[in-house]
Number of protein chains: 2
Amino acid sequence: MYDGPNIVPIAALIGDQARASMLTALMSGEALTATELAAEANITKQTASGHLAKLREAGLIVVASQGRHRYFRLANKDVADLLETLMGVAERTGSRRVIPGPKDAQLRKARVCYDHLAGEMGVELFDSLQKRQLILLAKDDSELQLTSSGRKFFNGLEITPNLPASSRRPLCRVCLDWSVRRHHLAGAYGAALLEHCFSKKWAKRVEGSRVVQFSKRGELQFRSELIN
Amino acid sequence: MYDGPNIVPIAALIGDQARASMLTALMSGEALTATELAAEANITKQTASGHLAKLREAGLIVVASQGRHRYFRLANKDVADLLETLMGVAERTGSRRVIPGPKDAQLRKARVCYDHLAGEMGVELFDSLQKRQLILLAKDDSELQLTSSGRKFFNGLEITPNLPASSRRPLCRVCLDWSVRRHHLAGAYGAALLEHCFSKKWAKRVEGSRVVQFSKRGELQFRSELIN
DNA sequence: ATAAAGGTTCGGCTAAGATCGAACTATGTA
DNA sequence: TACATAGTTCGATCTTAGCCGAACCTTTAT
């Protein structure tokens, strides 16, 4: 007797720190190998392998074999949307990740938060966008709107999120940074902006960490083009 | 060190059968007591009490005390949206609830599936709506659209989902019934339709089960008004 | 005042599952 | 061929958390 979709196994899969880390690492859309994902989740590759098999069996991720590598990615945009929705609820209920670690100056400056830019540069960018009224934050911080001039601004720079029409991912979302009350930009445009930084070669990700490393020239161009 | 919202505890809470049952029972928007929720999840009230405390602490539900009763409901529309999104992913990945139980004729005929109508009457309604092109199902079953004539039809009957503007709950969704390939209507309009049946006194829910019991007259009116 | 019903707290039992070491397969490289 | 690297499978360990019985608190009914 079947009666409706069963949300339990799906939620249970995401409700594990290691698997959630791997899934969110995949939110950038990039396909990653099992070893990379193991490092991302701070577990051994055996454990990762087991988790990935479960995620695959549940249809949350898909795998493509290439030589001796196996590249994993999210199965579809639905799954990314689900993760995004979860982040939204977690954000509003005040549940945040607490990561005990060295107060790395690089991490403070610029790092990846899921698939968008966080750290001082992320906050700086957010403040500037808000000041120029390219984005509009509701009074209760619940919603972030892209204004029409904001849309023009991004279009002019050819920064456009590539979303299927069916996607329900919000274009802009706020995401709270370490120091409470400092926001940075999440959502589809947040992801597109970080992608822009990578494709313009302003910055690159440091292997095995969340650090986003801007070159001297990249940082200057980032500021002149985006911060104003 | 804070770094982004933590989706793990939220997902883990939903990833338990008992808690998920209680949460989905609350999706109707109705506030329920701890004892009712315990029955819904087939657990003792002690266990339910523990679960409800956790859900409350996580901000997924809120409680209102009234005399010796404590009424629980979902904290906000975000949570309902999250559950709906989860249902969507579960639906597409083919994960369904398998409920071993008696092949109750009443259950087969009409029952609640989350917050909408399932069973033969649900399927019948869906087929009729589709035949009259009031709803439009995409070829791959992925999306269900309400047509403009469909909207007019529902408006004429004063069946309108009451959703806040911020809600991202889809107006119409398909939900698979026991016998595969038979759909019924889920989503905001699915919920509104069931609510309509209750408020018109066509049917009532049978305490402690998923059965929706239509009166003779109720069923006739249901057919003449909705099925055509 | 006594009883009954709605809820919560506590303690112990139990099962599920996350983890890793070790051994194994398969692909690519020197 | 030998060796290194990517990944999986198996078995054992150990922690987590769901569950219920029993006792308790609180509000309503008799």
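Chain letters run A, B, ... following the sequence lines, proteins first, then strands; residues in each count from 1. These numbers were taken from a predicted model, which means no experiment stands behind them.
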Donor-acceptor pair, distance only, cut-off 3.5 Å: does the side chain of [X] make one with the backbone of [Y]?
X: B:Ser49; Y: B:Lys45; answer: no
X: B:Asn76; Y: B:Val79; answer: yes
X: B:Arg19; Y: B:His51; answer: no

What is the distance, rounded to the nearest whole Å, between atom [atom1] of [X] and atom [atom2] of [N]?
X: A:Gln46; N: C:dT25; atom1: CD; atom2: C1'; result: 15 Å
X: B:Arg70; N: C:dT8; atom1: CZ; atom2: C1'; result: 9 Å
X: A:His51; N: C:dA16; atom1: NE2; atom2: C1'; result: 14 Å
X: A:Gln17; N: C:dT19; atom1: CD; atom2: C1'; result: 14 Å
X: B:Ile43; N: C:dT14; atom1: CD1; atom2: C1'; result: 17 Å
X: A:Asp16; N: C:dA16; atom1: CG; atom2: P; result: 17 Å
X: B:Lys45; N: C:dT9; atom1: NZ; atom2: C1'; result: 12 Å

- Query: What are the 5'-most and 3'-most nucleotides of DNA chain D lying under 4.0 Å from any heavy atom of chain A?
  - Reply: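 Answer, 5' to 3': D:dA4 to D:dT9.
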- Message: Categorize B:Thr35 for me: base, sugar-phosphate, or nothing, with a 4.0 angstrom heavy-atom threshold over every strand shown.
- Response: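 Since only primed, P, OP1 and OP2 atoms lie under 4.0 Å of B:Thr35, the category is sugar-phosphate.
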- Between A:Thr47 and C:dC20, is there a side-chain N or O to OP1/OP2 distance below 4.0 Å? yes
- Item | Residue met sooner reading DNA chain D from 5', once A:Gly50 and A:His69 are mapped to nucleotides | A:His69
- Item | Plane angle bin for A:Trp202 and A:His196 - parallel if under 30°, tilted between 30 and 60°, otherwise perpendicular | perpendicular
- Message: For a side chain to side chain contact (heavy atoms under 4.5 Å, CB included) check, start with the C-alpha distance between A:Lys200 and A:Phe222, then their side-chain angles and the critical distance, and finish with the verdict.
- Response: CA-CA 10 Å; A:Lys200 285 273 185 180; A:Phe222 173 87; over 6 Å; no
- Message: As a test of reading the structure: which of C:dC20, C:dG7, C:dA18 is closest to the side chain of A:Lys54, going by heavy atoms?
- Response: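 When the side chain of A:Lys54 is considered, C:dA18 is the closest of C:dC20, C:dG7, C:dA18.
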- Query: What distance do A:Asp16 atom CG and A:Lys54 atom NZ have between them, rounded to the nearest 0.5 Å?
  - Reply: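 Separation between the atoms: 8.0 Å.
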- Query: About how many Å separate CD1 of B:Ile61 and CZ of B:Arg73, when rounded to the nearest 0.5 Å?
  - Reply: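 One finds 10.5 Å between CZ of B:Arg73 and CD1 of B:Ile61.
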